[in-house]
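What follows is a single structure, written as structure tokens, with notes after it.
Everything numeric here is computed off the predicted structure, so don't read it as measured data. All values below were derived from every heavy atom in this structure, side-chain atoms included, with hydrogens, water molecules and symmetry-related copies excluded. Note that the numbering runs from 1 along the sequence shown for the chain.
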Amino acid sequence: MSCSSCCAAAAVPSPPVVLSMPRVRFTASCSTRTGHKVLFFGSRQFPSITYNPSSRASSRLSRREVIAFAGQQSWDIGRFVRTLYFFNGPPNPLKIVESIISSITGSASSEAPKKMETSDVVLVTGATGGVGRRVVDILRKKGVPVRVLARNEDKARSMLGRDIDLIIGDVTKEDTLDPKLFEGVRKVVNAVSVIVGPKEGDTPDRQKYKQGIKFFEPEIKGPSPEMVEYIGMQNLINAIKNSVGLSEGKLLFGLKGNLSGKIVWGALDDVVMGGVSESTFQILPTGSETGGPTGLFKGTVSTSNNGGFTSIRTKNFTVPEDLSAYDGIELRVKGDGRRYKLIIRTSYEWDTVGYTESFDTTKGEWQSVKIPFSSLKPVFRARTMTDAPPFDASNITSLQLMFSKFEYDGKLNPTFNEGPFELPFSSIRAYINEPITPRFVHVSSAGVTRPERPGLDLSKQPPAVRLNKELGSILTYKLKGEDLIRESGVPYTIVRPCALTEEPAGADLIFDQGDNITGKISREEVARICVAALASPNAVGKTFEVKSTVPFSEPYVIDPSNPPPEKDYEVYFKELKERITGKEALEATPAQV
């Protein structure tokens, strides 16, 4: 609406022009004597638009700015419009007006906001196998929600129950492992293994197989070791990686990501409500604590025109970020002694609830600020919204950093001062709470490093080592699969059992590292070790072999009326070391003479 639409060229004042909207009455009146057009929303007077009646372009504003009704500070309407278009495309006038007339403060709510939902689902793959089905049984008895991955639905339901949470898929077929099927999964026990069976066939209940390949001539049944142990591992990791999370967290902004392109920041200041504060986002090429590039949130904040906040906000992500595997957001910032806000949105709407938490900074120091998702408050125009939906970490659409005069529900920021400010920040990432526990427990096999080990007497090794090539390089591909896990960034434990038996659990155990031991161990015992590892920080990043102390020649039995006590596997996990795999012997080179 231009001045010429409501003012005549004569000296007689024009009648007011009124624009009515639902719940809003917008009145504009002009005076050729003062040269001001004054805006009213209800009883509240907003800044006036200046124009020059003597200008040749008398039908247009002489400057794209609005002068505060107090006559002290100018409001840049051009910046206001650019802000709206940057974040939201062509703005909806009704929403703009509603946003402007809503007060930035409000009374505190007596109700607590709704808590965010969490998931603790454990995925068991190879769930119809000897170890996998026992893992499912143990987890269910502990009350842990379980989801299983199986190729055969009828077999899985008949073995595990009709009500089992089931994904029908095959690790060798990537198109059956849609990551959406694994939403809510936080941990994985992977008991998938290539199938080895007797050449001459087996009984329906696989009695020969259960005795171990020491007692029959083996061959590969079904897909090859390369497909199952290596390509299948690649497919599985790709499918679950986003659901289970990474040890180092997920980088959203920082030096390892695209510092200025992947996330697009823009200023969102109190200009949207008539204020004059102004901020910007910049890249400082050498501003980080290590001398590298860093982001910078800087500006000048003013309370003129009822303003008092500045912020930078990302444009809505093209695809929402799923951070449900993580526990919060960590910012690396150089503080200035002020209190800032992190605001996370889970909707593509322009004016919607922001899940918010304040954080304090120490002047002149680089510091890591961790903001748990559980601490976020649903806030709308500085008021806590008790009826807002719980925070959904799987659907994050934008991030925002703010420096504001206001906290929440009428409270003021105790560190607020008008004037210039700067907040360098080098990274923003999602993090997993410490102590970190394994998110991926894998059942591999003892002997995976031995087929190519120099100087090894194969005649004293188990059949799988001696027959590695005849069995499609089964152990070689198992080792390659292990390496994929170690390189994935997922918190892991790799269990390498010796020959598996159907004997009961309870025998004394030997845990070892370096891939040297031979022997036997109960499948039930291995399942218990896997479940225990899921909850143990001492098992993270460790690869180990395990066997019982009972010789092959002696069967292990227990008295059902007097079973052995349950083991504390934590005792064993604590003694293990990280980064010992047995590959050290393969990579060693002879000393030069």
Side-chain angles (χ1 to χ4, degrees), residues 87 104 113 116 249-254 257 262-270 277 279-281 294-299 301 308-317 320-324 326-347 352-362 365-385 388 390-409 411-416 421-433:
F87 287 106
I104 196 170
M116 66 175 289
K250 184 172 184 177
L251 193 68
L252 304 175
F253 172 86
K262 185 176 180 181
I263 290 184
V264 180
W265 297 90
L268 182 58
D269 304 319
D270 57 19
S277 302
S279 67
T280 187
F281 168 77
T294 188
L296 176 66
F297 169 34
K298 66 177 294 186
V301 66
F309 76 86
T310 63
S311 75
I312 55 172
R313 176 172 164 178
T314 64
K315 288 189 113 173
N316 285 337
F317 304 143
E321 285 283 356
D322 181 359
L323 302 183
S324 56
Y326 301 94
D327 297 300
I329 294 290
E330 181 178 10
L331 303 98
R332 187 68 181 168
V333 304
K334 184 178 182 180
D336 58 2
R338 292 180 171 91
R339 177 176 293 178
Y340 293 86
K341 294 178 184 178
L342 173 69
I343 304 171
I344 305 176
R345 286 181 171 79
T346 59
S347 169
T352 187
V353 170
Y355 294 86
T356 308
E357 181 62 301
S358 299
F359 60 94
D360 293 312
T361 65
T362 303
E365 292 185 10
W366 281 97
Q367 62 189 107
S368 294
V369 177
K370 286 189 173 182
I371 299 177
F373 290 145
S374 59
S375 71
L376 295 173
K377 307 171 184 67
V379 175
F380 186 59
R381 300 171 187 162
R383 293 192 299 272
T384 303
M385 308 300 291
F391 176 69
D392 181 5
S394 70
N395 191 52
I396 292 174
T397 58
S398 70
L399 304 174
Q400 185 174 358
L401 290 171
M402 176 178 284
F403 179 49
S404 175
K405 172 183 177 180
F406 300 99
E407 282 284 285
Y408 322 98
D409 305 320
K411 296 180 181 178
L412 299 178
N413 180 351
T415 71
F416 180 80
F421 69 92
E422 289 190 358
L423 183 71
F425 60 103
S426 59
S427 66
I428 301 175
R429 70 180 184 96
Y431 69 87
I432 296 176
N433 278 336

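Rounded to the nearest 0.5 Å, atoms CZ (F391) and CD1 (I344) are 4.5 Å apart. Separation of atoms CG (L401) and CD1 (I343) is listed at 8.5 Å; rounding is to 0.5 Å. Atom CD1 of I263 sits about 6.0 Å away from atom CG of L399, to the nearest 0.5 Å. Remark: L331 CG to F253 CZ distance equals 10.5 Å, nearest 0.5 Å. Interatomic distance, I312 CD1 to W265 CH2, rounded to the nearest 0.5 Å: 5.0 Å. Once rounded to the nearest 0.5 Å, the distance linking OG of S394 with CD of E321 reads 11.5 Å.
Using a 4.5 Å heavy-atom threshold, the side chains of L251 and S427 count as touching.
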Practice item. Show your working on side-chain contact (heavy atoms from CB on, under 4.5 Å) between I396 and Y355 and close with a plain yes or no. Key: CA-CA 10 Å; I396 292 174; Y355 294 86; over 6 Å; no
Exercise for review: Decide yes or no on side-chain hydrogen bond (donor to acceptor under 3.5 Å, both in side chains) for D409 and T384, but give the supporting numbers first.
Suggested key: CA-CA 6 Å; D409 305 320; T384 303; 2.8 Å; yes
Check your understanding: Passes side-chain hydrogen bond (donor to acceptor under 3.5 Å, both in side chains), D269 versus S279? Steps please.
Key -> CA-CA 7 Å; D269 304 319; S279 67; 2.6 Å; yes
Exercise for review: Dump the intermediate steps for side-chain contact (heavy atoms from CB on, under 4.5 Å) on I428 and I329, then the final yes or no.
Suggested key: CA-CA 7 Å; I428 301 175; I329 294 290; 3.7 Å; yes
Practice item. Kindly indicate, with the supporting measurements, whether the criterion side-chain contact (heavy atoms from CB on, under 4.5 Å) is fulfilled by F416 and F309. Key: CA-CA 10 Å; F416 180 80; F309 76 86; over 6 Å; no
Point to revise | Worked check of side-chain contact (heavy atoms from CB on, under 4.5 Å) between L323 and L252 | key: CA-CA 10 Å; L323 302 183; L252 304 175; 4.0 Å; yes
Review point. Do D270 and S277 pass the side-chain hydrogen bond (donor to acceptor under 3.5 Å, both in side chains) test, and can you show the C-alpha distance, the side-chain angles, and the key distance before you say yes or no?
Key: CA-CA 6 Å; D270 57 19; S277 302; 2.8 Å; yes
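Side-chain atoms of R332 and S368 include a donor-acceptor pair closer than 3.5 Å.
Although no hydrogens or angles enter the test, the distance criterion places no donor-acceptor pair under 3.5 Å between the side chain of N413 and the main chain of F406. Without hydrogens or angle criteria, T361 side chain to G337 main chain gives a donor-acceptor distance under 3.5 Å. Distance alone, capped at 3.5 Å, is enough to place a donor-acceptor pair between the T294 side chain and the F425 backbone.
Looking at residues two or more places apart in sequence or on another chain, you find a side chain to side chain contact (heavy atoms under 4.5 Å, CB included) between S398 and R313, T314, N316, R345. Listed by chain and number, the residues in a side chain to side chain contact (heavy atoms under 4.5 Å, CB included) with S358 are R339, K341, E407, Y408 (sequence neighbours excluded). For T356, the side chain to side chain donor-acceptor pair (under 3.5 Å) criterion is met by no residue, not counting sequence neighbours. In this structure, the side chain to side chain contact (heavy atoms under 4.5 Å, CB included) partners of E422, at least two apart in sequence or on a different chain, are L296, K298. In this view, R338 and D336, Y340, F403, T415, F421 satisfy the side chain to side chain contact (heavy atoms under 4.5 Å, CB included) rule, not counting sequence neighbours. Under the rule for a salt bridge (Lys or Arg N to Asp or Glu O under 4.0 Å), K405 has no partner lying at least two apart in sequence or in another chain.
Residues Y326 and Y431 keep their aromatic ring centres 6.0 Å or farther apart.
Applying the 6.0 Å contact sphere to NZ of K334 captures no more than 12 heavy atoms from other residues, nucleotides or ligands.
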